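Shown next, in C-alpha coordinates, is the structure this report addresses.
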There are 2 protein chains.
Amino acid sequence: MSILAKLSFKDQAFKLREQTVLDATTRLLASKGFDLMTMDDVAGEAGISKPSLYKHFKSKEDLATEVMIRLLDGALEYLAALDASLSSKDRLGSLLEWALRVRLQGGLPFLPSASPQVKEMLTRSIRYVTRVYKLHKQMQALVEAAKTAGDIRTDLPTDVILYAYYSRTCDPAVDYMKYYGRYSDDQIVDYMRAIIFTGIGAADAG
Amino acid sequence: MSILAKLSFKDQAFKLREQTVLDATTRLLASKGFDLMTMDDVAGEAGISKPSLYKHFKSKEDLATEVMIRLLDGALEYLAALDASLSSKDRLGSLLEWALRVRLQGGLPFLPSASPQVKEMLTRSIRYVTRVYKLHKQMQALVEAAKTAGDIRTDLPTDVILYAYYSRTCDPAVDYMKYYGRYSDDQIVDYMRAIIFTGIGAADAG
DNA sequence: ACGACCTTTTACTAATCAGTAGCTTTTTTT
DNA sequence: AAAAAAAGCTACTGATTAGTAAAAGGTCGT
(Lines give C-alpha, C1' and ligand atoms only; values in the text may rest on other atoms or scores of the structure.)
Protein backbone atom coordinates (compact mmCIF):
# COMPACT_ATOMS: atom_id res chain seq x y z
CA MET A 1 0.00 0.00 0.00
CA SER A 2 1.53 3.24 -1.12
CA ILE A 3 1.56 6.28 1.11
CA LEU A 4 -0.77 8.04 -1.30
CA ALA A 5 -3.40 5.32 -0.94
CA LYS A 6 -4.01 6.56 2.57
CA LEU A 7 -5.16 9.90 1.22
CA SER A 8 -8.58 10.46 -0.25
CA PHE A 9 -8.86 11.50 -3.87
CA LYS A 10 -9.49 15.05 -2.80
CA ASP A 11 -6.44 15.16 -0.61
CA GLN A 12 -4.34 13.84 -3.46
CA ALA A 13 -5.67 16.62 -5.67
CA PHE A 14 -4.79 19.08 -2.93
CA LYS A 15 -1.20 17.85 -2.77
CA LEU A 16 -0.97 17.96 -6.55
CA ARG A 17 -2.19 21.55 -6.65
CA GLU A 18 0.40 22.39 -4.03
CA GLN A 19 3.13 21.21 -6.39
CA THR A 20 1.56 23.23 -9.21
CA VAL A 21 1.68 26.32 -6.99
CA LEU A 22 5.31 25.67 -6.05
CA ASP A 23 6.20 25.24 -9.73
CA ALA A 24 4.45 28.50 -10.62
CA THR A 25 6.18 30.32 -7.77
CA THR A 26 9.55 28.96 -8.86
CA ARG A 27 9.05 30.32 -12.37
CA LEU A 28 7.91 33.70 -11.06
CA LEU A 29 10.73 34.00 -8.53
CA ALA A 30 13.21 33.18 -11.28
CA SER A 31 11.76 35.78 -13.64
CA LYS A 32 10.62 38.65 -11.38
CA GLY A 33 12.28 38.05 -8.04
CA PHE A 34 10.60 38.05 -4.64
CA ASP A 35 9.79 41.75 -4.30
CA LEU A 36 8.11 42.10 -7.69
CA MET A 37 6.23 38.82 -7.57
CA THR A 38 2.65 39.39 -6.36
CA MET A 39 0.36 36.79 -4.87
CA ASP A 40 -2.08 37.55 -7.71
CA ASP A 41 0.69 36.61 -10.13
CA VAL A 42 1.16 33.29 -8.36
CA ALA A 43 -2.56 32.53 -8.22
CA GLY A 44 -2.94 33.42 -11.90
CA GLU A 45 0.07 31.35 -12.98
CA ALA A 46 -1.12 28.38 -10.93
CA GLY A 47 -4.69 28.71 -12.23
CA ILE A 48 -6.36 29.21 -8.84
CA SER A 49 -7.60 32.22 -6.91
CA LYS A 50 -5.72 34.08 -4.23
CA PRO A 51 -7.75 32.86 -1.23
CA SER A 52 -7.25 29.27 -2.40
CA LEU A 53 -3.55 29.99 -2.52
CA TYR A 54 -3.72 31.07 1.12
CA LYS A 55 -5.27 27.69 1.99
CA HIS A 56 -1.94 26.15 1.00
CA PHE A 57 0.52 28.75 2.25
CA LYS A 58 -0.12 31.18 5.05
CA SER A 59 1.92 34.04 3.59
CA LYS A 60 4.05 35.14 0.68
CA GLU A 61 7.16 34.55 2.76
CA ASP A 62 6.02 31.06 3.70
CA LEU A 63 5.42 30.25 0.04
CA ALA A 64 8.84 31.45 -1.10
CA THR A 65 10.51 29.61 1.78
CA GLU A 66 8.80 26.35 0.77
CA VAL A 67 10.09 26.80 -2.77
CA MET A 68 13.65 27.19 -1.50
CA ILE A 69 13.27 24.17 0.78
CA ARG A 70 12.09 22.01 -2.11
CA LEU A 71 15.10 23.19 -4.13
CA LEU A 72 17.55 22.28 -1.36
CA ASP A 73 15.87 18.89 -0.93
CA GLY A 74 16.45 18.31 -4.63
CA ALA A 75 20.14 19.09 -4.20
CA LEU A 76 20.47 16.79 -1.18
CA GLU A 77 18.71 14.03 -3.08
CA TYR A 78 20.92 14.48 -6.12
CA LEU A 79 24.05 14.37 -3.97
CA ALA A 80 22.90 11.20 -2.21
CA ALA A 81 22.12 9.47 -5.50
CA LEU A 82 25.55 10.14 -7.06
CA ASP A 83 27.59 7.12 -8.20
CA ALA A 84 29.65 5.90 -5.24
CA SER A 85 32.76 5.50 -7.39
CA LEU A 86 32.98 9.22 -8.24
CA SER A 87 35.83 11.25 -6.76
CA SER A 88 35.03 14.17 -4.46
CA LYS A 89 36.03 16.69 -7.11
CA ASP A 90 33.81 14.98 -9.68
CA ARG A 91 30.91 15.08 -7.25
CA LEU A 92 31.44 18.80 -6.79
CA GLY A 93 31.51 19.24 -10.56
CA SER A 94 28.44 17.08 -11.01
CA LEU A 95 26.38 18.95 -8.42
CA LEU A 96 27.39 22.28 -9.96
CA GLU A 97 26.23 20.99 -13.33
CA TRP A 98 22.92 19.91 -11.81
CA ALA A 99 22.39 23.32 -10.18
CA LEU A 100 23.23 25.15 -13.40
CA ARG A 101 20.88 22.99 -15.46
CA VAL A 102 18.05 23.59 -13.01
CA ARG A 103 18.62 27.32 -13.45
CA LEU A 104 18.99 27.17 -17.23
CA GLN A 105 15.63 25.42 -17.43
CA GLY A 106 13.88 28.31 -15.70
CA GLY A 107 14.54 27.25 -12.12
CA LEU A 108 16.10 29.12 -9.26
CA PRO A 109 19.69 29.44 -8.11
CA PHE A 110 20.58 27.79 -4.79
CA LEU A 111 21.70 31.02 -3.31
CA PRO A 112 18.80 33.42 -2.86
CA SER A 113 19.09 36.92 -4.30
CA ALA A 114 21.10 39.50 -2.42
CA SER A 115 17.91 41.03 -0.94
CA PRO A 116 18.46 41.22 2.81
CA GLN A 117 14.72 40.85 3.42
CA VAL A 118 14.67 37.50 1.62
CA LYS A 119 17.80 36.36 3.41
CA GLU A 120 16.37 37.23 6.82
CA MET A 121 13.09 35.57 6.00
CA LEU A 122 14.88 32.34 5.10
CA THR A 123 17.09 32.31 8.18
CA ARG A 124 13.92 32.54 10.29
CA SER A 125 12.76 29.20 8.91
CA ILE A 126 14.18 26.33 10.93
CA ARG A 127 13.29 23.85 8.20
CA TYR A 128 15.25 25.88 5.66
CA VAL A 129 18.27 26.45 7.88
CA THR A 130 18.43 22.75 8.78
CA ARG A 131 18.75 21.85 5.11
CA VAL A 132 21.33 24.54 4.39
CA TYR A 133 23.38 23.26 7.31
CA LYS A 134 23.12 19.64 6.19
CA LEU A 135 24.12 20.50 2.63
CA HIS A 136 26.95 22.75 3.80
CA LYS A 137 28.40 20.00 6.02
CA GLN A 138 28.37 17.53 3.13
CA MET A 139 29.98 20.09 0.84
CA GLN A 140 32.66 20.83 3.42
CA ALA A 141 33.50 17.13 3.62
CA LEU A 142 33.70 16.94 -0.17
CA VAL A 143 36.09 19.89 -0.41
CA GLU A 144 38.29 18.52 2.38
CA ALA A 145 38.39 15.13 0.68
CA ALA A 146 39.21 16.71 -2.69
CA LYS A 147 42.00 18.70 -1.06
CA THR A 148 43.46 15.49 0.41
CA ALA A 149 43.18 13.81 -2.99
CA GLY A 150 45.19 16.69 -4.48
CA ASP A 151 42.35 17.85 -6.73
CA ILE A 152 41.63 21.17 -4.97
CA ARG A 153 44.08 23.90 -3.96
CA THR A 154 45.12 23.70 -0.34
CA ASP A 155 46.28 27.33 -0.15
CA LEU A 156 42.68 28.62 -0.04
CA PRO A 157 40.58 28.10 3.12
CA THR A 158 37.78 25.58 2.68
CA ASP A 159 35.08 28.15 3.45
CA VAL A 160 36.42 30.51 0.78
CA ILE A 161 36.29 27.69 -1.74
CA LEU A 162 32.72 26.87 -0.71
CA TYR A 163 31.58 30.51 -0.96
CA ALA A 164 33.08 30.70 -4.45
CA TYR A 165 31.39 27.43 -5.36
CA TYR A 166 27.95 28.44 -4.07
CA SER A 167 28.24 31.77 -5.84
CA ARG A 168 28.72 30.02 -9.17
CA THR A 169 25.20 28.59 -8.86
CA CYS A 170 23.74 32.11 -8.97
CA ASP A 171 26.39 33.61 -11.24
CA PRO A 172 24.95 36.23 -13.61
CA ALA A 173 27.57 35.12 -16.16
CA VAL A 174 25.21 32.22 -16.86
CA ASP A 175 22.44 34.58 -17.94
CA TYR A 176 24.81 36.63 -20.05
CA MET A 177 26.14 33.53 -21.81
CA LYS A 178 22.60 32.39 -22.50
CA TYR A 179 21.04 35.67 -23.62
CA TYR A 180 23.92 37.58 -25.23
CA GLY A 181 26.37 34.80 -26.04
CA ARG A 182 23.66 32.45 -27.30
CA TYR A 183 25.64 29.45 -26.13
CA SER A 184 23.97 26.07 -25.67
CA ASP A 185 23.24 24.82 -22.17
CA ASP A 186 25.96 22.17 -22.54
CA GLN A 187 28.47 24.79 -23.59
CA ILE A 188 27.55 27.06 -20.70
CA VAL A 189 27.96 24.23 -18.19
CA ASP A 190 31.39 23.42 -19.63
CA TYR A 191 32.51 27.04 -19.47
CA MET A 192 31.31 27.48 -15.90
CA ARG A 193 33.10 24.31 -14.83
CA ALA A 194 36.29 25.59 -16.47
CA ILE A 195 35.93 29.00 -14.80
CA ILE A 196 35.41 27.71 -11.28
CA PHE A 197 38.05 24.95 -11.37
CA THR A 198 40.82 26.41 -13.50
CA GLY A 199 40.09 30.16 -13.70
CA ILE A 200 40.59 32.52 -16.61
CA GLY A 201 44.38 32.83 -16.33
CA ALA A 202 46.73 30.88 -18.62
CA ALA A 203 48.05 27.68 -17.01
CA ASP A 204 51.71 28.75 -17.19
CA ALA A 205 51.15 32.34 -16.02
CA GLY A 206 52.16 33.46 -12.52
CA MET B 1 38.54 81.59 -13.31
CA SER B 2 37.34 78.14 -12.31
CA ILE B 3 34.16 76.65 -13.69
CA LEU B 4 32.61 76.80 -10.26
CA ALA B 5 33.19 80.55 -10.05
CA LYS B 6 30.50 80.95 -12.68
CA LEU B 7 27.96 79.46 -10.33
CA SER B 8 26.39 81.40 -7.52
CA PHE B 9 26.88 80.20 -3.99
CA LYS B 10 23.40 78.72 -4.05
CA ASP B 11 24.07 76.76 -7.22
CA GLN B 12 27.23 75.38 -5.69
CA ALA B 13 25.28 74.27 -2.64
CA PHE B 14 22.74 72.69 -4.96
CA LYS B 15 25.45 70.64 -6.73
CA LEU B 16 26.89 69.63 -3.40
CA ARG B 17 23.55 68.45 -2.12
CA GLU B 18 23.15 66.45 -5.31
CA GLN B 19 26.31 64.52 -4.45
CA THR B 20 25.02 64.01 -0.90
CA VAL B 21 21.82 62.55 -2.34
CA LEU B 22 23.76 60.27 -4.70
CA ASP B 23 25.91 59.07 -1.79
CA ALA B 24 22.85 58.36 0.33
CA THR B 25 21.19 56.50 -2.54
CA THR B 26 24.33 54.43 -3.11
CA ARG B 27 24.33 53.33 0.52
CA LEU B 28 20.63 52.49 0.43
CA LEU B 29 20.83 50.60 -2.86
CA ALA B 30 23.73 48.60 -1.46
CA SER B 31 21.87 47.74 1.72
CA LYS B 32 18.21 47.39 0.67
CA GLY B 33 18.23 47.11 -3.10
CA PHE B 34 16.12 49.10 -5.55
CA ASP B 35 12.70 47.61 -4.81
CA LEU B 36 12.88 48.05 -1.05
CA MET B 37 14.48 51.49 -1.09
CA THR B 38 11.82 54.20 -0.72
CA MET B 39 12.16 57.83 -1.71
CA ASP B 40 11.41 58.73 1.92
CA ASP B 41 14.45 56.62 2.89
CA VAL B 42 16.60 58.58 0.45
CA ALA B 43 15.30 61.96 1.59
CA GLY B 44 15.80 61.00 5.24
CA GLU B 45 19.32 59.65 4.67
CA ALA B 46 20.28 62.75 2.70
CA GLY B 47 18.74 65.08 5.28
CA ILE B 48 16.27 66.80 2.95
CA SER B 49 12.56 66.44 2.26
CA LYS B 50 11.03 64.39 -0.50
CA PRO B 51 9.86 67.30 -2.67
CA SER B 52 13.38 68.75 -2.52
CA LEU B 53 14.67 65.40 -3.67
CA TYR B 54 12.37 65.63 -6.69
CA LYS B 55 13.92 69.01 -7.52
CA HIS B 56 17.13 67.09 -8.23
CA PHE B 57 15.84 63.89 -9.80
CA LYS B 58 12.57 63.52 -11.62
CA SER B 59 11.88 59.93 -10.51
CA LYS B 60 13.16 57.03 -8.46
CA GLU B 61 14.37 55.34 -11.64
CA ASP B 62 16.19 58.47 -12.73
CA LEU B 63 17.93 58.68 -9.36
CA ALA B 64 19.08 55.08 -9.39
CA THR B 65 20.27 55.43 -12.98
CA GLU B 66 22.37 58.47 -12.07
CA VAL B 67 23.99 56.50 -9.26
CA MET B 68 24.95 53.73 -11.67
CA ILE B 69 26.27 56.26 -14.19
CA ARG B 70 28.47 57.87 -11.56
CA LEU B 71 29.80 54.42 -10.62
CA LEU B 72 30.68 53.58 -14.23
CA ASP B 73 32.34 56.98 -14.66
CA GLY B 74 34.46 56.13 -11.63
CA ALA B 75 35.52 52.86 -13.26
CA LEU B 76 36.36 54.56 -16.58
CA GLU B 77 38.35 57.20 -14.74
CA TYR B 78 40.24 54.61 -12.72
CA LEU B 79 41.07 52.64 -15.85
CA ALA B 80 42.30 55.76 -17.65
CA ALA B 81 44.51 56.74 -14.72
CA LEU B 82 46.28 53.36 -14.47
CA ASP B 83 50.08 53.31 -14.81
CA ALA B 84 50.93 52.99 -18.50
CA SER B 85 53.61 50.39 -17.79
CA LEU B 86 51.13 47.86 -16.39
CA SER B 87 50.38 44.70 -18.39
CA SER B 88 46.84 44.07 -19.60
CA LYS B 89 46.38 41.28 -17.10
CA ASP B 90 47.58 43.51 -14.26
CA ARG B 91 45.15 46.22 -15.35
CA LEU B 92 42.32 43.70 -15.22
CA GLY B 93 43.43 42.64 -11.76
CA SER B 94 43.77 46.22 -10.61
CA LEU B 95 40.32 47.25 -11.81
CA LEU B 96 38.79 44.19 -10.14
CA GLU B 97 40.49 45.20 -6.92
CA TRP B 98 39.12 48.72 -7.26
CA ALA B 99 35.58 47.43 -7.85
CA LEU B 100 35.78 45.05 -4.89
CA ARG B 101 37.06 47.76 -2.57
CA VAL B 102 34.27 50.11 -3.60
CA ARG B 103 31.81 47.38 -2.68
CA LEU B 104 33.53 46.44 0.55
CA GLN B 105 33.31 50.07 1.65
CA GLY B 106 29.53 50.07 1.33
CA GLY B 107 29.35 50.87 -2.37
CA LEU B 108 27.58 49.12 -5.18
CA PRO B 109 28.68 46.34 -7.51
CA PHE B 110 29.14 47.28 -11.18
CA LEU B 111 26.62 44.78 -12.31
CA PRO B 112 23.15 45.76 -11.14
CA SER B 113 21.07 43.20 -9.28
CA ALA B 114 19.36 40.49 -11.24
CA SER B 115 16.02 42.33 -11.08
CA PRO B 116 14.70 42.53 -14.65
CA GLN B 117 12.92 45.81 -13.85
CA VAL B 118 16.20 47.46 -12.86
CA LYS B 119 17.97 46.04 -15.88
CA GLU B 120 15.30 47.32 -18.25
CA MET B 121 15.29 50.71 -16.58
CA LEU B 122 19.05 51.03 -17.09
CA THR B 123 19.00 49.94 -20.71
CA ARG B 124 16.46 52.69 -21.39
CA SER B 125 19.02 55.29 -20.36
CA ILE B 126 21.21 56.26 -23.30
CA ARG B 127 23.73 57.89 -20.97
CA TYR B 128 24.08 54.65 -19.01
CA VAL B 129 24.28 52.38 -22.04
CA THR B 130 26.92 54.61 -23.65
CA ARG B 131 29.17 54.17 -20.62
CA VAL B 132 28.61 50.42 -20.42
CA TYR B 133 29.53 50.13 -24.08
CA LYS B 134 32.65 52.26 -23.69
CA LEU B 135 33.83 50.26 -20.67
CA HIS B 136 33.02 46.95 -22.35
CA LYS B 137 35.05 47.88 -25.43
CA GLN B 138 38.06 48.78 -23.30
CA MET B 139 37.72 45.56 -21.33
CA GLN B 140 37.49 43.54 -24.53
CA ALA B 141 40.73 45.10 -25.75
CA LEU B 142 42.42 44.32 -22.43
CA VAL B 143 41.38 40.66 -22.53
CA GLU B 144 42.48 40.28 -26.15
CA ALA B 145 45.84 41.87 -25.34
CA ALA B 146 46.27 39.64 -22.28
CA LYS B 147 45.48 36.61 -24.42
CA THR B 148 48.15 37.64 -26.93
CA ALA B 149 50.62 38.19 -24.08
CA GLY B 150 49.94 34.61 -22.92
CA ASP B 151 48.46 35.72 -19.60
CA ILE B 152 44.84 34.69 -20.25
CA ARG B 153 43.53 31.35 -21.54
CA THR B 154 42.83 31.35 -25.27
CA ASP B 155 40.49 28.33 -25.15
CA LEU B 156 37.67 30.43 -23.62
CA PRO B 157 35.85 33.00 -25.79
CA THR B 158 36.60 36.60 -24.84
CA ASP B 159 32.95 37.34 -24.03
CA VAL B 160 32.78 34.38 -21.64
CA ILE B 161 35.88 35.66 -19.85
CA LEU B 162 34.36 39.12 -19.60
CA TYR B 163 31.04 37.82 -18.24
CA ALA B 164 32.95 35.84 -15.61
CA TYR B 165 35.01 38.92 -14.79
CA TYR B 166 32.02 41.26 -14.46
CA SER B 167 30.22 38.73 -12.30
CA ARG B 168 33.09 38.74 -9.82
CA THR B 169 32.36 42.39 -9.07
CA CYS B 170 28.92 41.42 -7.71
CA ASP B 171 29.92 38.02 -6.37
CA PRO B 172 28.04 37.13 -3.15
CA ALA B 173 31.17 35.24 -2.06
CA VAL B 174 32.55 38.66 -1.11
CA ASP B 175 29.72 39.23 1.37
CA TYR B 176 30.10 35.73 2.79
CA MET B 177 33.83 36.18 3.28
CA LYS B 178 33.22 39.49 5.00
CA TYR B 179 30.31 38.54 7.27
CA TYR B 180 30.85 34.84 7.99
CA GLY B 181 34.54 34.41 7.25
CA ARG B 182 35.52 37.68 8.97
CA TYR B 183 38.41 38.12 6.58
CA SER B 184 40.04 41.52 6.13
CA ASP B 185 39.34 43.52 2.98
CA ASP B 186 42.90 42.90 1.76
CA GLN B 187 42.51 39.17 2.30
CA ILE B 188 39.18 39.12 0.46
CA VAL B 189 40.64 40.97 -2.51
CA ASP B 190 43.53 38.48 -2.67
CA TYR B 191 41.20 35.48 -2.52
CA MET B 192 38.92 36.87 -5.20
CA ARG B 193 41.88 37.55 -7.48
CA ALA B 194 43.08 33.98 -6.95
CA ILE B 195 39.63 32.57 -7.66
CA ILE B 196 39.04 34.45 -10.89
CA PHE B 197 42.52 33.98 -12.36
CA THR B 198 43.57 30.52 -11.20
CA GLY B 199 40.34 28.84 -10.01
CA ILE B 200 39.84 26.49 -7.08
CA GLY B 201 41.38 23.39 -8.70
CA ALA B 202 44.93 22.25 -7.89
CA ALA B 203 47.49 23.43 -10.47
CA ASP B 204 48.51 19.89 -11.45
CA ALA B 205 44.97 18.45 -11.62
CA GLY B 206 43.29 17.66 -14.96
C1' DA C 1 -33.12 13.50 -4.53
C1' DC C 2 -31.87 16.18 -0.32
C1' DG C 3 -29.26 18.45 3.07
C1' DA C 4 -24.69 19.06 5.53
C1' DC C 5 -20.13 20.19 4.65
C1' DC C 6 -16.19 21.78 2.34
C1' DT C 7 -13.90 24.43 -1.39
C1' DT C 8 -13.41 28.32 -4.41
C1' DT C 9 -14.25 32.91 -5.70
C1' DT C 10 -15.69 37.77 -5.92
C1' DA C 11 -15.07 41.85 -3.72
C1' DC C 12 -13.30 44.09 -0.09
C1' DT C 13 -9.68 46.47 3.68
C1' DA C 14 -5.59 48.41 5.39
C1' DA C 15 -1.09 49.70 4.57
C1' DT C 16 2.61 51.32 1.84
C1' DC C 17 4.80 54.37 -1.33
C1' DA C 18 5.73 57.33 -5.66
C1' DG C 19 4.84 61.65 -6.80
C1' DT C 20 2.57 66.73 -6.00
C1' DA C 21 -0.05 71.11 -4.48
C1' DG C 22 0.29 74.99 -1.95
C1' DC C 23 2.06 77.35 2.06
C1' DT C 24 6.35 79.12 4.59
C1' DT C 25 10.90 80.68 5.01
C1' DT C 26 15.07 82.29 3.21
C1' DT C 27 17.77 84.66 -0.18
C1' DT C 28 18.52 88.09 -3.76
C1' DT C 29 17.86 92.35 -6.11
C1' DT C 30 16.89 97.12 -6.28
C1' DA D 1 15.33 97.97 3.76
C1' DA D 2 11.51 96.38 1.06
C1' DA D 3 9.80 93.84 -2.78
C1' DA D 4 10.43 89.88 -5.56
C1' DA D 5 11.91 85.34 -6.30
C1' DA D 6 13.29 80.95 -5.24
C1' DA D 7 13.89 76.99 -2.38
C1' DG D 8 12.10 73.97 1.14
C1' DC D 9 8.56 71.66 3.82
C1' DT D 10 3.97 69.72 5.54
C1' DA D 11 0.29 67.35 4.17
C1' DC D 12 -1.99 65.37 0.66
C1' DT D 13 -3.54 61.86 -3.69
C1' DG D 14 -3.83 57.79 -6.30
C1' DA D 15 -2.18 53.36 -7.22
C1' DT D 16 -0.64 48.99 -5.79
C1' DT D 17 -0.77 44.82 -3.12
C1' DA D 18 -0.81 41.48 1.03
C1' DG D 19 -4.22 39.40 3.23
C1' DT D 20 -9.58 38.35 4.41
C1' DA D 21 -14.83 38.07 4.91
C1' DA D 22 -18.70 36.42 3.11
C1' DA D 23 -21.21 34.71 -0.89
C1' DA D 24 -21.48 30.99 -4.54
C1' DG D 25 -20.73 26.52 -6.08
C1' DG D 26 -19.72 21.79 -5.75
C1' DT D 27 -19.33 17.13 -3.34
C1' DC D 28 -20.54 13.61 -0.35
C1' DG D 29 -23.33 10.43 2.41
C1' DT D 30 -27.95 8.90 3.23
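Everything numeric here is computed off the predicted structure, so don't read it as measured data. All values below come from the heavy atoms of this structure, side chains included, with hydrogens, waters and symmetry mates left out. Here is the naming used below: chain letters follow the sequence lines, and residue numbers restart at 1 for every chain.
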Cationic tip of A:K89 above A:F197 ring, under 6.0 Å, 45° of axis: yes
Without decimals, in angstroms, what is the distance between A:H56 NE2 and C:dT8 P? 6 Å
Polar side-chain contact B:K50-C:dG19 base: donor and acceptor under 3.5 Å: yes
Whole angstrom is fine here: how far is it from OH in B:Y54 over to C1' in D:dG8? 16 Å
Face-on cation placement of A:K119 at B:Y176 ring, 6.0 Å and 45° thresholds: yes
Length of the CG-C1' vector between A:D35 and C:dT16, whole Å: 14 Å
Quick one: is A:K60 getting a side-chain N or O under 4.0 Å of the D:dA18 phosphate, OP1 or OP2? yes
Under 4.0 Å between any heavy atoms, over every strand shown, what does A:T38 touch: base, sugar-phosphate, or nothing? Just pick one. sugar-phosphate
Write down the distance between CD (B:E61) and P (C:dA18), rounded to a whole number of angstrom. 11 Å
Please tell me if B:S52 has a side-chain N or O lying less than 4.0 Å from either OP1 or OP2 of D:dC9. yes
Residues A:R101, A:E97: salt bridge by 4.0 Å N-O rule: yes
To the side chain of B:P51, which of C:dG19, D:dG19, C:dT20 is closest? C:dT20
Cation-pi check for A:F34 against A:K60: NZ or CZ below 6.0 Å from the six-membered ring centre and within 45 degrees of the axis, yes or no? yes
Euclidean distance, atom NZ of residue A:K32 to atom C1' of D:dT16 [Å, nearest integer]: 12 Å
Atom-pair distance (CE on A:M39; C1' on D:dT17), nearest Å: 11 Å
Is the distance from OP1 or OP2 of C:dT8 to the nearest side-chain N or O of A:R17 less than 4.0 Å? yes
Rounded to whole Å, how long is the line connecting atom CD of B:E18 with atom P of D:dA7? 13 Å
